[in-house]
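Heads up, the thing below is written out as structure tokens.
Everything numeric here is computed off the predicted structure, so don't read it as measured data. Residue numbers start from 1 in every chain, and the chains themselves are labelled A, B, ... in the order their sequence lines are given, proteins ahead of strands.
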2 protein chains.
Amino acid sequence: MNLKQLSELLGLSQTTVSRALNGYPEVNEATRERVLQAVKETGYRPNKAAQRLATGKAGSIGLVMPTAPGHQSDVHFGEFLAGLGEEAVRHDFHFVIMPSDPDDEVAALRRLAISGNVDALFIAYMRAHDPRLAMLKSLAMHYVVHGRSFGAEPDYPFLDIDNEGAFYDATRLLLQLGHTRFALMNGPMHLDFAIRRRNGVISALGERGLTLEEDCMSHALMTDEQGLLAMERFLQLPERPTAILCSSTVMALGAIRAVNQAGLRLGEDISLIAHDDVLPLLKPESFSVPLTTTRSSLRAAGVRIAQRLIGTVKQAGPFPDQELWKTELIVRASTGPAPQRP
Amino acid sequence: MNLKQLSELLGLSQTTVSRALNGYPEVNEATRERVLQAVKETGYRPNKAAQRLATGKAGSIGLVMPTAPGHQSDVHFGEFLAGLGEEAVRHDFHFVIMPSDPDDEVAALRRLAISGNVDALFIAYMRAHDPRLAMLKSLAMHYVVHGRSFGAEPDYPFLDIDNEGAFYDATRLLLQLGHTRFALMNGPMHLDFAIRRRNGVISALGERGLTLEEDCMSHALMTDEQGLLAMERFLQLPERPTAILCSSTVMALGAIRAVNQAGLRLGEDISLIAHDDVLPLLKPESFSVPLTTTRSSLRAAGVRIAQRLIGTVKQAGPFPDQELWKTELIVRASTGPAPQRP
DNA sequence: TTCGGTTGTCAAAGCGCTTTGAAATTTCTT
DNA sequence: AAGAAATTTCAAAGCGCTTTGACAACCGAA
């Protein structure tokens with residue numbers, strides 16, 4: 001069933017039917033009713049490809065998903081997508097996901113953009129000096145970046161959380177509790193958020209004349225397993241750190257296991273603060289020792305980015321170009337006063 | 001840059017250029033070279049919407065993602081998507097993801113199908129007597145179901161793992177170890193895999209004249225938290241079960257915490273077998289007590305389904321319509337002989 | 001030289017929709 | 001009652017591509 005058939009059925013022109021469907025004012029209310037009725041009866045749906053070709057609008061947001069045989073999928077990705085989707089479904093938008101070899105992301109992004117398949121792009125997993133930014137600017141297509149790119153001029157639309165502030169505050173809390181030996185379990189070093197979090201820690205420590213030694217820093221994928229390994233390494237250091245900052249609750253999971261295995265008590269021998277993206281599968285408050293966290297909902301960020309993206313495409317009012325969300329510092333039982341030196 | 005411009009630039013007709021690009025034989029090799037060269041220089045990319053309109057092929061796989069403000073995102077979703085993507089990227093296919101209210105999935109699926117945006121559909125989270133099956137059959141569009149629908153005639157294309165067999169085997173193992181008091185921590189009851197897994201357990205127990213009591217069964221979202229709660233409930237039963245079967249390693253995580261908190265030892269007081277989807281963030285072998293699992297890679301299933309879907313669209317040879325994968329039973333330290341009655 | 005068979009190229013139709021500009025119809029003024 | 005204005009409808013063009021059917025141009029065979 002297409003427009004032509006429908007209009008013949010109704011004895012109207014395609015023009016009128018099209019206008020009736022798209023809410024144009026120059027069509028008689030009675031006629032519109034008749035059209036709507038027919039649509040209901042026939043189950044007619046406009047062909048999106050044709051619509052897109054005619055209007056140039058696709059009703060969709062594009063994003064590139066890095067993937068390859070060895071490439072790890074990411075819990076955070078799904079949660080963020082859920083947020084995007086939550087907003088998209090309200091506007092009848094959908095997503096076009098282009099899978100891409102992680103080494104080929106720039107090209108994949110370009111292909112996606114000029115395919116005519118999408119109205120706007122969403123970019124994540126930002127790196128320092130991210131090469132995608134230059135490409136995006138040359139593209140004349142709406143986009144919003146989740147995160148920022150350390151070292152690049154901040155002249156692009158983004159939504160980010162204040163990673164530096166979050167880890168600065170967390171570090172300060174631990175300092176106030178008397179800790180002096182710190183360690184940081186971070187995400188992959190090339191990622192923007194990891195850099196900023198590290199800076200936050202270093203800057204807070206610096207104010208007290210403390211430094212973060214190389215062997216008290218770990219950069220790895222944010223998995224349970226890596227958390228275990230990193231913590232084991234920390235615990236074997238001659239001057240064992242007592243205050244640990246961790247970039248993810250998933251990673252904290254493994255880290256806590258390492259603490260337990262070493263016969264140490266969380267919140268007493270070792271204080272731990274992790275960043276919490278509010279993943280539904282992992283509630284820091286119900287950990288056996290409830291976890292002190294810096295919190296910011298990944299899903300909420302997804303909703304907001306979808307709002308901005310869709311709003312811009314639909315030209316529904318102006319949106320701020322750059323947003324920096326504060327995180328919450330939520331103190332629970334995994335942080336406590338520094339233990340007395342033995 | 002569009003076809004017309006490109007062809008004018010080359011002094012050729014659109015036909016010839018189009019054929020040159022699409023590998024038709026009736027074009028001079030020299031001409032083809034010239035065209036390819038020009039494409040490289042100008043960065044021309046065909047407009048997908050136009051291509052789709054002309055050919056009816058979209059080069060994309062559609063799927064519906066249930067999402068709503070309260071709706072939990074699922075770790076497994078991301079991992080599966082990574083598998084799909086891994087294959088899709090090889091064929092220059094992309095995904096169209098339609099977010100949908102969970103109550104509106106059938107309609108969302110239909111919209112997606114007749115939008116002309118996709119060549120094939122992928123369906124997951126199968127339920128017993130799933131209403132989507134009837135709709136799909138009426139649709140004249142390729143699709144593959146991940147899982148099956150309990151109670152429905154198995155006359156649709158699917159890929160599933162042998163859930164019943166997996167849990168049957170796992171239960172047998174525990175029976176051989178002398179266990180007699182069993183409990184099952186399962187996924188949501190309406191989902192097909194949960195039903196089959198339960199049946200597997202019940203059938204193995206039945207062979208020994210044992211039954212699975214109502215209060216030894218839990219049906220919940222497969223999260224860390226729910227695992228904790230369910231296990232706590234089990235441990236408080238007057239006749240405490242010693243053998244636990246669990247539908248997910250994520251859930252097992254919480255369950256194990258509950259065991260530890262109760263001062264019990266995994267693999268001695270309590271034996272636990274969980275189903276492992278091979279999630280990169282959670283390695284059962286590196287749990288503090290390595291976990292005995294039934295294993296089947298979710299990602300591999302994604303790859304295979306993408307193969308079948310894309311292969312069918314491209315009419316690249318016949319594919320089996322229905323595949324049932326066996327799982328592996330991997331025995332590690334979380335299972336041990338039944339403890340002597342106190 | 002002429003004719004059938006390739007080979008390489010092209011003009012034009014069509015995919016299903018939106019939108020422009022004009023025409024037909026109705027309603028309002030005077 | 002006639003003309004102006006507003007309302008409603010339409011035919012046709014165009015979005016960028018693929019594909020059909022036709023047409024030159026060239027080849028070797030008769």
From C-beta outward on [X], which listed nucleotide comes closest to its side chain: [options]?
X: B:Pro46; options: D:dC17, C:dC17, D:dT9; answer: D:dC17
X: B:Ser13; options: D:dT18, D:dG14, C:dC10; answer: C:dC10
X: A:Glu26; options: D:dT9, C:dT9, C:dC15; answer: D:dT9
X: A:Leu3; options: C:dC10, D:dT8, C:dT18; answer: C:dT18

Report yes if at least one side-chain N or O of [X] is closer than 4.0 Å to OP1 or OP2 of [N]; otherwise report no.
X: B:Asn47; N: D:dC15; value: no
X: A:Thr15; N: D:dA11; value: no
X: A:Tyr24; N: C:dT19; value: yes
X: B:Asn2; N: D:dC15; value: no
X: A:Ser18; N: C:dC17; value: no

Measure the shortest side-chain to side-chain distance between B:Asn117 and A:Arg52 over non-hydrogen atoms and say whether it is less than 4.5 angstrom. yes
Test: B:Arg148 cationic atom under 6.0 Å from B:Phe158 six-membered ring centre, within 45° of axis: yes
Distance, rounded to the nearest Å, where [X] contributes [atom1] and [N] contributes [atom2]:
X: B:Lys57; N: C:dC15; atom1: NZ; atom2: P; answer: 16 Å
X: A:Arg52; N: C:dG16; atom1: CZ; atom2: P; answer: 15 Å
X: B:Leu10; N: C:dC10; atom1: CG; atom2: P; answer: 10 Å
X: A:Gln14; N: D:dC15; atom1: CD; atom2: P; answer: 17 Å
X: B:Glu8; N: C:dC10; atom1: CD; atom2: P; answer: 12 Å
X: A:Met1; N: C:dC17; atom1: CE; atom2: C1'; answer: 15 Å
X: B:Ile114; N: C:dC17; atom1: CD1; atom2: C1'; answer: 15 Å
X: A:Lys4; N: C:dC15; atom1: NZ; atom2: C1'; answer: 11 Å

Nearest-nucleotide wise, let me know which of B:Asn28 and A:Thr16 is further upstream toward the 5' end of DNA chain C.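 Taking each residue's closest nucleotide, the earlier one in sequence belongs to B:Asn28.
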Return the 5'-most residue of the pair B:Gly11, B:Ala50 with respect to DNA chain C, ranking by each residue's nearest nucleotide.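 First, find each residue's nearest nucleotide; the 5'-ward one identifies B:Gly11.
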Any side-chain donor near an acceptor of the partner, [X] and [Y], under 3.5 Å:
X: A:Asp74; Y: A:Tyr125; value: yes
X: B:Ser13; Y: B:Thr16; value: yes
X: B:Glu41; Y: B:Gln37; value: yes

With heavy atoms under 4.0 Å as the rule, sort A:Thr55 into base, sugar-phosphate or nothing.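 Sugar-phosphate: the residue A:Thr55, judged by heavy atoms under 4.0 Å, touches backbone atoms but no base.
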Have a look at B:Gln51 and say if it touches a base, only the backbone sugar-phosphate, or nothing, with a 4.0 Å heavy-atom cut-off. sugar-phosphate
Would you name the heavy atoms of B:Thr67 and A:Ala82 that are closest together and state the gap between them? OG1-O, 3.1 Å
